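The next block holds one structure in the form of structure tokens; read it before the comments.
Being a predicted model, the structure only gives us computed values, none of them experimental. Here is the naming used below: chain letters follow the sequence lines, and residue numbers restart at 1 for every chain.
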Amino acid sequence: MLAGLFDGIFNGISIGAVLLMSALGLAIVFGLMGVINMAHGELMMLGAYTTFVVQNGFKIIGGPLFEIYILFALPMAFLVAAAVGLILERGVIRYLYGRPLETLLATWGVSLILQQFVRSVSWVLVIEIALFCILFFGALWILSRRPDFERIRNWVIAVMLVLSGAISAVTGALLSQTFKLAVNKPWFGAQNVDVTAPKWLRGGLPLGDFQLPYARLFIMALTIICLVGIYLFLQRSVWGLRIRSVTQNRTMSACLGIPTQKVDALTFALGSGLAGVAGCAVSLLGSVGPNTGQNYIVDTFMVVVVGGVGKLVGSIVAAMAIGTLNYIIGSGTLALLLTPIPPLVDFFNFFATTSMAKVMVFALIIAFLQVRPAGIFPQKGRTVDA
Amino acid sequence: MTKRFNRRKFLLYGSATFGTSLLLKACGGSTPTTTSTPASPTATTSPVAATSTAATDAIKVGILHSLSGTMAISEKSVVDAEQLAIEEINKAGGLLGKQIQAVVEDGGSDWPTFAEKAKKLIEQDKVTTIFGCWTSASRKAVLPVFEEKKHMLWYPVQYEGQECSQNIFYTGAAPNQQIEPAVDWLLENKGKEFFLIGSDYVFPRTANTIIKAQLAAKGAKTVGEDYLPLGNTEVTAIITKIKQALPKGGVIFNTLNGDSNVAFFKQMQGAGLGPDKYPVMSVSIAEEEVKAIGVEYLKGHYAAWNYFQTVDTPENKKFVAAFKAKYGAERVTNDPMEAAYIMVYLWKQAVEKAKTTDIEAVRKAALGQTFAAPEGKVTLENNHHLSKFVRIGEVAEDGLFKIVYASKEAVKPIPWNQYVADTKGYACDWSDPAKGGKYKI
């Protein structure tokens with residue numbers, strides 16, 4: 001009984017840790033900034049793919065170094081996802097602040113673009129995109145120094161868009177004709193790719209007749225480190241102070257000389273980077289493929305909404321609660337605990353499969369949100385109305 | 001003022017993004033064309049090119065698979081196998097003195113799109129036959145189209161059975177050619193207590209109904225059953241249930257599909273459930289999937305198919321070599337690809353026998369065709385299914401399968417399942433118009 005209880009608690013927390021890890025980035029982007037980022041899952045996917053690339057790099061080096069590739073993959077995943085997040089914020093989202101519906105659609109579109117990108121990315125494609133960007137933005141930059149730029153601006157854009165598009169398309173076609181498979185072959189393809197955890201993360205820590213998987217322990221530790229890191233960053237650093245002040249009162253912060261745009265970009269990049277780290281972490285447990293992100297996006301939003309938008313501690317509690325609930329219903333532990341009351345046992349046995357447990361958890365969440373629409377820890381104060 | 005400026009800027013960047021995505025799209029679309037055109041000048045992949053270069057003396061066939069969306073993962077390699085077969089036939093002089101020209105359409109992992117594209121291939125491109133579909137859902141979606149137009153579909157994937165259409169030739173395994181022998185083999189070699197796990201949709205549920213009936217008939221026990229929603233990657237609860245139901249070890253029969261497989265095997269290993277005590281028999285993991293999941297997690301587990309890349313026949317050596325030469329040395333071949341490859345040849349033989357591409361004549365001529373396939377000699381039976389060899393493989397170090405069991409001869413297909421009460425005693429025979437798709441024996 002005691003072992004069973006321990007098993008249940010450990011498994012519940014470990015599911016919760018995965019949920020929390022993947023929701024942390026969103027808790028910042030959606031919770032603090034209020035951006036509904038549907039591309040969050042795809043940022044995780046990019047993190048997972050970065051892990052794949054780093055793993056393959058270390059495989060070439062080989063030897064004992066391979067066993068610690070994951071420690072290099074984590075910061076790399078953070079950097080790649082943060083960079084993409086930065087581009088996303090600067091290129092799309094900053095024009096959409098305060099317009100949640102448009103943000104939702106735009107980021108959903110971005111998520112589809114990213115998915116298709118990893119499916120079809122090849123040398124030709126990268127060269128084409130790079131060429132296009134250099135030509136188009138280079139031309140804009142050069143021409144923007146002309147005094148009459150404002151007048152000819154629309155013309156320039158129309159002409160350069162077509163011109164640089166055509167040039168890069170022709171270059172791409174030429175390259176693929178000349179080098180064929182060498183440049184045409186997709187880097188990853190539509191298939192899932194194989195991320196194999198290093199040996200020391202593959203087994204488990206035996207405890208009696210029960211085994212704690214190392215990968216789960218690793219994710220728990222990683223989640224705690226990330227939490228502590230975020231807490232220290234937000235509470236103890238200058239930029240953290242600025243982030244908090246901008247989320248509380250943007251206009252006032254701007255008046256006091258805080259560069260709000262920079263803060264926005266930084267916050268979004270931080271959230272995206274955390275998504276990348278989460279992607280690296282879940283690659284230890286699940287699949288890595290173009291659809292990886294979609295497997296997590298619903299769960300992450302669920303955690304943030306249930307926890308209360310804007311509160312990190314809410315996300316922590318919500319993730320643990322949802323994880324544990326999911327586990328004890330899905331594994332039939334709840335039915336086992338209620339053995340003395342036969343009708344309840346039948347009821348919970350019916351829900352004791354993974355898909356039915358999900359149904360039940362969602363029903364409970366809906367019921368909970370009826371009682372407390374703002375989540376476990378609702379945000380109080382003036383910001384709520386703003 | 002600032003707002004207006006922002007909107008303008010947004011429009012500008014929006015159109016730039018749009019342009020880029022168009023570019024991406026164009027590149028994405030052009031890749032298959034450029035890879036296939038140099039090799040096979042007549043087998044154009046783009047429908048536009050197909051209509052513009054339509055030579056008068058080419059025989060047009062349709063290829064209808066998902067090239068985008070979730071199923072693209074699996075279906076793309078089947079298209080590769082079909083195009084390889086078409087190219088080989090064309091190189092060997094074509095069919096009835098003409099070249100075969102493939103019109104490739106993308107079903108987009110969306111079942112209504114499959115029906116729409118099937119209609120387009122039949123009405124607009126006037127193809128003589130269609131090779132296509134993977135999921136049972138897509139097959140069920142196009143079936144009414146083929147029945148209405150009295151057209152012909154070749155379907156290359158193992159499926160749950162319980163169907164026998166005059167308009168479809170099924171070259172993948174029926175349950176009695178894959179699932180049932182696998183269960184028999186497990187009962188003999190691995191144990192009598194089974195835990196069934198599958199994805200939550202039609203194939204695993206039907207398959208598990210059959211397995212449970214079969215286990216009951218053989219005096220074995222189903223100790224548990226669980227289903228994961230497609231794409232779910234959290235399997236901790238299931239692992240606990242397995243440990244509770246089978247504390248001393250037992251057999252796990254796995255009909256999971258897609259991403260859940262990866263999560264399942266990775267977390268099984270983490271929880272310490274290895275193949276020594278908990279052997280897993282999978283029916284949807286082939287060579288390609290082993291590569292994607294990672295050999296480390298799968299070593300020692302089993303899979304049941306009709307064909308593995310390691311099958312030792314001269315035909316298979318030729319097939320594997322030809323495939324690798326065309327698509328790259330790191331590619332692998334698997335069961336659905338082999339079934340797709342042989343169905344093109346079976347169709348070709350039927351056309352040659354009928355001496356015409358007329359659909360009714362070909363349909364009649366196809367029955368009884370035999371072909372020396374990579375898996376061994378297969379025969380197209382009167383019930384539109386293929387008699388096939390059954391094999392069980394164990395995942396080896398190199399990611400390929402070590403064959404631990406192979407049936408001595410080809411097993412005849414039984415589309416209507418004899419363990420399930422509803423269909424017990426029924427059979428299918430299209431050679432006799434009086435019998436048809438479902439008659440009482």
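Within the 4.5 Å cutoff, no side-chain heavy atoms of B/Glu225 are placed close to those of A/Thr353. You'll find the side chain of A/Asp194 stays beyond 4.5 Å of the side chain of B/Ile293, heavy atoms only.
Side chain of A/Ser355 to backbone of B/Tyr227: a donor-acceptor contact under 3.5 angstrom is found. A donor-acceptor contact shorter than 3.5 Å links the side chain of B/Lys266 to the backbone of A/Ser283.
With chain A as the partner, the residue from B/Pro247, B/Ala271, B/Ser77 showing the most heavy-atom pairs under 4.5 Å is B/Ala271. Contact tally against chain B (heavy-atom pairs below 4.5 Å) for A/Pro213, A/Gly109, A/Gly172: the top residue is A/Pro213. Of the listed residues A/Ser14, A/Gly204, A/Gly330, the one with more heavy-atom pairs under 4.5 angstrom with chain B than any other is A/Gly330. Taking chain B as the reference chain and counting heavy-atom pairs below 4.5 Å, the highest number among A/Leu19, A/Val18, A/Leu212, A/Val195 is found for A/Val195. Interface check for chain B: of the options A/Ala215, A/Ala352, A/Ala357, the most heavy-atom pairs under 4.5 Å are formed by A/Ala352. Between chain A and the options B/Asp226, B/Leu228, B/Val235, heavy-atom pairs under 4.5 Å are most frequent for B/Asp226.
In this structure, no portion of A/Lys199 lies under 4.5 Å from any heavy atom of chain B. Of the atoms belonging to A/Leu201, not a single heavy atom falls under 4.5 Å from chain B. For a residue to count as touching a neighbouring chain, one of its non-hydrogen atoms must lie under 4.5 Å from one of that chain's; by this rule B/Glu234 touches chain A with backbone and side chain alike. Both the backbone and the side chain of A/Ala197 come within contact range of chain B, with heavy atoms under 4.5 Å apart. Heavy atoms closer than 4.5 Å to chain A are found in the side chain of B/Gln244, but not in its backbone. Of the two parts of A/Val121, neither the backbone nor the side chain holds a non-hydrogen atom closer than 4.5 Å to a non-hydrogen atom of chain B. With a 4.5 angstrom heavy-atom cutoff, B/Phe265 does not touch chain A via any of its atoms.
With A/Thr354 as the fixed residue, the side-chain contact (heavy atoms from CB on, under 4.5 Å) test singles out one of B/Ile197, B/Asn232, B/Asp200: B/Asn232.
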CA sep, side-chain torsions, deciding dist, call: B/Thr233, A/Val282, side chain to side chain contact (heavy atoms under 4.5 Å, CB included): CA-CA 9 Å; B/Thr233 52; A/Val282 297; over 6 Å; no
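Closest approach of A/Thr196 to B/Gly294, counting heavy atoms only: OG1-CA, 4.4 Å.
Taking CZ from A/Arg216 and OG1 from B/Thr236, the interatomic distance works out to 3.5 Å, rounded to the nearest 0.5 Å.
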